[in-house]
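In what follows, a structure is listed as structure tokens, so that the remarks can point back to it.
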Amino acid sequence: MEKIKKIILNIFADAVFEEKDKLTVTVNPKELHELIRTLHANEELPFDYLVYLIGMDWGEKLGVVYLLSSSKDPSKEIIVKTGTSDRENPLLYSITDLYETAHLNEREIYAMYGIRFINNPDMRRFLLNDDWVGFPMRKDYDANPEINPVSVVSKDIIDTASRIMETPDGLKEEIVNVFEADDYIINIGPQHPSTHGVMHFRTALDGEIVKKIDIHSGYIHRGIEKLSESLTYPQILHFTDRLDYLSANINRHALCMCVEKAVGIEIPERAQYIRTIMDELNRISSHLLAWSAQTNDLGATTAFIYGMREREIILDIFDKTCGGRLIINQNVIGGVMFDIYADFQKDVKAFIPYMREKLREYDRFFSHNVIALGRMVNIGKLSKEDTVSYAVTGPAGRASGWSCDVRKYQPYALYDKVEFKEVIRAEGDSYARYMNRLDEIEESLKIIEQLIDNIPDGDFLAKTKAIIKLPEGEYFQGVEAGKGLFGVYIESRGEKTPYRLKFRSPSMALVSVMPLICKNEKISDFIGIGGSMDYVIPDIDR
Amino acid sequence: MFQNYSQPLEFTNLTSWLDAALRENLPEFWAVFIELVLVGVVLLAAYAVLAMILIYVERKITAFFQARIGPNRVGKYGIFQTVADVLKILIKEIIHVNKVDKFLFYAAPFFMIVASVLTFGAIPFGKSLHAVDFNIGVFYVTAVSSLGIIGVLLAGWSSNNKYSMIGAMRSGAQFVSYELSAGFALMTMVVLSGTMQFSEMIESQAYCWNIFNGHISSLVAFVIYLISGHAETNRGPFDLPEAESELTAGYHTEYSGLQFGFFYLAEYLNMFIIASIAATVFLGGWMPLQISGWDGFNQLMWYIPSYIWFFGKVGFLIFLSLWVRWSFPRLRIDQLLNLEWKYLLPINLVNILVMVILVLTGLTLTDLF
Amino acid sequence: MRTFKQYITGLFGGIKSLLSGLSVTWKELWIKKVTQQYPENRDTLVISDRFRAELVMSHDENNEHACTACGICEMNCPNGTIQVISKMTETEDGKKKKELDRYVYDLGMCTFCNLCVITCPSSAIKFTNHFENATFTRNKLVQQLNHEGSKLRAKKKEPISAQPVPKEKE
């Protein structure tokens, strides 16, 4: 990392470095694009993977925090910060040309903070309506319901996008049409059986073939990040279960670890075991549901029900362990809320061979079915470069040949003590994603097998202070959730509540890549590809 | 030749007695008129009752395939579930969305239902339970049943809904393609039995069902007919016109109440019609299983009435169709057309040739033994 | 020739895969069904002890509870589900004492995060697994958890509430 520092200093002598656990650079907005471009093009270790970008309101300044990493070695990270003190018309430079994942994120930041990005090709607000008054995540936002009353009038969707482009004669504001004039547009969603939630794809069709997709979201946005800013850390915990509800336990693990790392709480060994086993069970249940939903999207209703049947057993184990089925509510800061119940090991051990048998059955039933193969093989191809550029992680990222398993490159909990294979396929099509999930279920079973008999005795919950205050600073913790990298970013000012809390949601990246991989596919494959990406909408509509 | 066997449960006596009684007491015209009305009423009633039974059976069997138990709340084992559903559908309000083409919108379901009722009338349900026995029965059935597609296209076109439109267009492509295969498969059997009349076809299968008679060729034709018939009824894995994962409900998205009920009934009855044509043409229709020379065995078989044989065979074929439907994912439109134009049609053309050769060279089972 | 071979192998390979799919559903047709017949199976239905369905305040046979009306649960609740309404009473020796008047719990707001139970210093409340909470109107979901006429259980020693969970730390 010293080398990187030198490279940066060579070009930008006035860059400000902070010595934290991650290399942090602060630059002024004019230099930002150039700096990131240099890092992106760095030959030895190209920083081509944008983990997150976070809008910030530091009070005197509005700005953005970027966490860059490398697809070659995702454990190398560098934080870049920039900001502007213009609160009326804040403008920053977009990095969409370097990282496609920045596109939707920049639009979200515009909706939440009002920062507009120069050169972003489509600067509509994401998650919020264009006529929303105020920018909700700003600290001086007026939440008075009279300003933004609940509207019961149907609004037409306007398919025009404004943007600011940099031209030789200065900045130019322009308005572009999203679709062509005679496009046959259908609304897939927000109420649609196969969008896996309240997602809205405006889709231009050419006969059966998808020409263009325009993503609308935010129909179930709950403002969790804003709410969190007024809640204590233990209180925020229960929100995490409600983001990607299929990886509820894993999400919660991330926030717990983030806080524990910041405060310096040592977790009892037993709690680590319980957390890891529960995480893997959660992953299996998430992948089972993904499998079921994908088969259902392809029209095989029976397979859907088989998957749900197997998942039920895991949910029962959750139910007995911590009293929740979907919203598991098990991890707390310092350990777990409930110890395992007496028959936990017996139940889990009975489940493992059962699940293996069922995996074989799934193989016979669906994985080699000639119709299913025709609908998955070579459909929805995603190249490795695009995967990195769109920051698609999880089984979908690994299906395109990118080794991006957090459990491998930044092991947390007990993942450095267990043996498991990171399932990687190179094809990048729907079928690779499909098979990856089934194989990952098998790997999770292996992890559980290695741990289940060795759960040590002892406490399951470390003693913590009643009021948890994080020391001033920024903290980030990523975990491998069912759909990819789930991250929690906390900026603390030493209070018992976070100054800024951001969840890096894997589903957002999965959805953002849909327009790319669905282009020129049939409309029925669009649904099938959606199933293979396995996104969960509440994860996007935080 | 069958009259030698005792047939205690047949309706033959009842129908001929009724006919005789009417003709004795009334002028010719009125006798025929009353008979026509009676047949019409019986057919329509059977149509509705069959549809209800089919819906119940499908829901139950589907549930069993899916590790569930299916309807079980209305009546013992839920047998009145469809009755309740039908009542519900009858009292639902019929609505239409803005700017539909009202005339076509309301006419479409009738095309569907009329097409399937017309076909239904020509099916031989049992010995002497056969309303119309055309000498071109097979031809009539193929011709009339393809009227239904007009209903689907009209429904999709007039609904003022883009999803419906896509569904209808898919349906058109699908129907036109598979009509071809179904027709050819039936033609193969016409070559074998040398007649298009259902009654004669059944008689000719007394001792050897067509599916055995033409051995390889018949078997291929049978499978092709099942596949393309299944596709014609728009049921999974060929349910693209209503593919609920992408088109929500396809061409009947905007229909409600009885209008929707018509589509629903027609769908189930079409399944029945396809199965009964397959049973008649390939499996000997209502003809009991008989073996030439085994009089005792044949008599035993004849104790089971012909309509039971018919419904048994049809039931078996319907079960096959359900089994397939609940096992496979849906095809994509290009896969669907591939299957037809690249596989079924060429095989079919070769098959019809093989059948002609079989018949001409006397290699069918009845010729050989 | 090669394409013809592919055509044939593709055809038979496809048929084989379809048949193996059919064999799976055939087997499933005969195995035990998993549907649970609720509410008929109410007697045999097992709901996990830890299942959180509603908050209750435990009362003993003397109609006494352990709630000291300290309000920690109310403070910890992330979304204002709990309202502790206390009243001041005078004890016999003339001291003023805070006592629980009404403990109001809105089931409709609750996210079942269990924070109130964990943080309660006197273990006065707990979650039970009585899950049949459906009502016809929302206001029925707002419940008073302390029974009519109940009072604080007298502690032999100092009540536990003196120990942990101070409200503010330095």
Side-chain angles (χ1 to χ4, degrees), chain A residues 183-189 191-196 201-210 292-310 312 358 364-367 369-377 379 434 521-531, chain B residues 58-59 61-70 98 159-174 227 230-231 234-250 253 322-339 342-343:
Chain A
D183 274 347
Y184 188 80
I185 302 166
I186 64 169
N187 290 305
I188 300 184
Q191 269 91 25
H192 190 278
S194 301
T195 48
H196 298 206
F201 297 99
R202 266 175 89 69
T203 313
L205 291 182
D206 181 10
E208 285 261 343
I209 293 167
V210 174
S292 311
Q294 189 180 355
T295 55
N296 192 36
D297 285 347
L298 297 178
T301 330
T302 307
F304 174 77
I305 293 190
Y306 294 164
M308 295 313 259
R309 177 181 63 189
E310 271 71 83
E312 188 68 17
K358 289 297 170 191
R364 279 211 314 282
F365 187 44
F366 201 84
S367 306
N369 186 304
V370 63
I371 305 173
L373 289 181
R375 299 211 45 193
M376 292 193 289
V377 176
I379 300 294
Y434 167 91
E521 300 283 6
K522 304 267 184 320
I523 180 169
S524 40
D525 281 333
F526 160 72
I527 302 293
I529 294 168
Chain B
E58 153 139 58
R59 290 181 64 177
I61 289 179
T62 308
F64 287 151
F65 274 129
Q66 300 182 339
R68 302 184 282 118
I69 47 182
N98 273 346
S159 284
N160 187 26
N161 179 325
K162 290 173 180 171
Y163 283 116
S164 302
M165 187 68 197
I166 297 173
M169 288 300 131
R170 281 182 179 183
S171 189
Q174 176 177 344
I227 293 175
H230 197 81
N234 289 342
R235 294 166 57 76
F238 305 102
D239 56 348
L240 291 96
E242 44 194 288
E244 83 268 0
S245 43
E246 62 254 27
L247 302 183
T248 54
T253 307
L322 290 181
W323 188 9
V324 167
R325 176 175 188 183
W326 297 108
S327 295
F328 299 142
R330 184 180 307 114
L331 286 100
R332 205 191 318 133
I333 184 78
D334 58 320
Q335 285 179 314
L336 180 95
L337 298 179
N338 261 351
L339 174 67
K342 275 196 185 160
Y343 291 92

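Just so we're clear, the structure is a prediction, and the values are computed from it rather than from any experiment.
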Taking all heavy atoms of B:Phe238 and all of B:Leu339, pick out the closest pair and write down the distance.
-> CE2-CD2, 3.8 Å

So, the part of A:Arg375 with a heavy atom under 4.5 Å from chain B: the answer is both

Contacting region of B:Arg68 [heavy-atom separation from chain A under 4.5 Å] = side chain

What orientation do A:Phe201 and A:Phe526 show, parallel under 30°, tilted 30 to 60°, or perpendicular over 60°?
-> perpendicular

Engaged part of A:Leu373 at the chain B interface, taking heavy atoms whose separation is under 4.5 Å = neither

Have a look at B:Phe328 and tell me which of A:Asn369, A:Leu298, A:Thr302 forms a side-chain contact (heavy atoms from CB on, under 4.5 Å) with it.
-> A:Asn369

N/O donor-acceptor pair under 3.5 Å between B:Tyr163 side chain and A:Asn187 backbone = yes

Could you have a look at A:Asp525, A:Ile188, A:Val370, A:Ile185 and say which one has the most heavy-atom pairs with chain B under 4.5 angstrom?
-> A:Asp525

What part of A:Phe304 gets closer than 4.5 Å to chain B, counting heavy atoms only: side chain, backbone, both or neither?
-> neither

Check the pair A:Glu208, B:Arg332 against salt bridge (charged side-chain N to carboxylate O under 4.0 Å, His left out), reporting the backbone distance first and the verdict last.
-> CA-CA 10 Å; A:Glu208 285 261 343; B:Arg332 205 191 318 133; over 6 Å; no

If you count heavy-atom pairs under 4.5 Å with chain B, which of A:Ala300, A:Gly531, A:Ala303, A:Gly528 comes out on top?
-> A:Ala300

Please look at B:Thr62 and chain A and tell me whether the side chain, the backbone, both or neither of the residue comes under 4.5 angstrom of a heavy atom of that chain.
-> neither

Part of A:Thr295 within contact of chain B (heavy atom distance under 4.5 Å) = neither

Within a strict 4.5 Å, meaning less than it, do heavy atoms of the A:Leu205 and A:Ile186 side chains meet?
-> yes

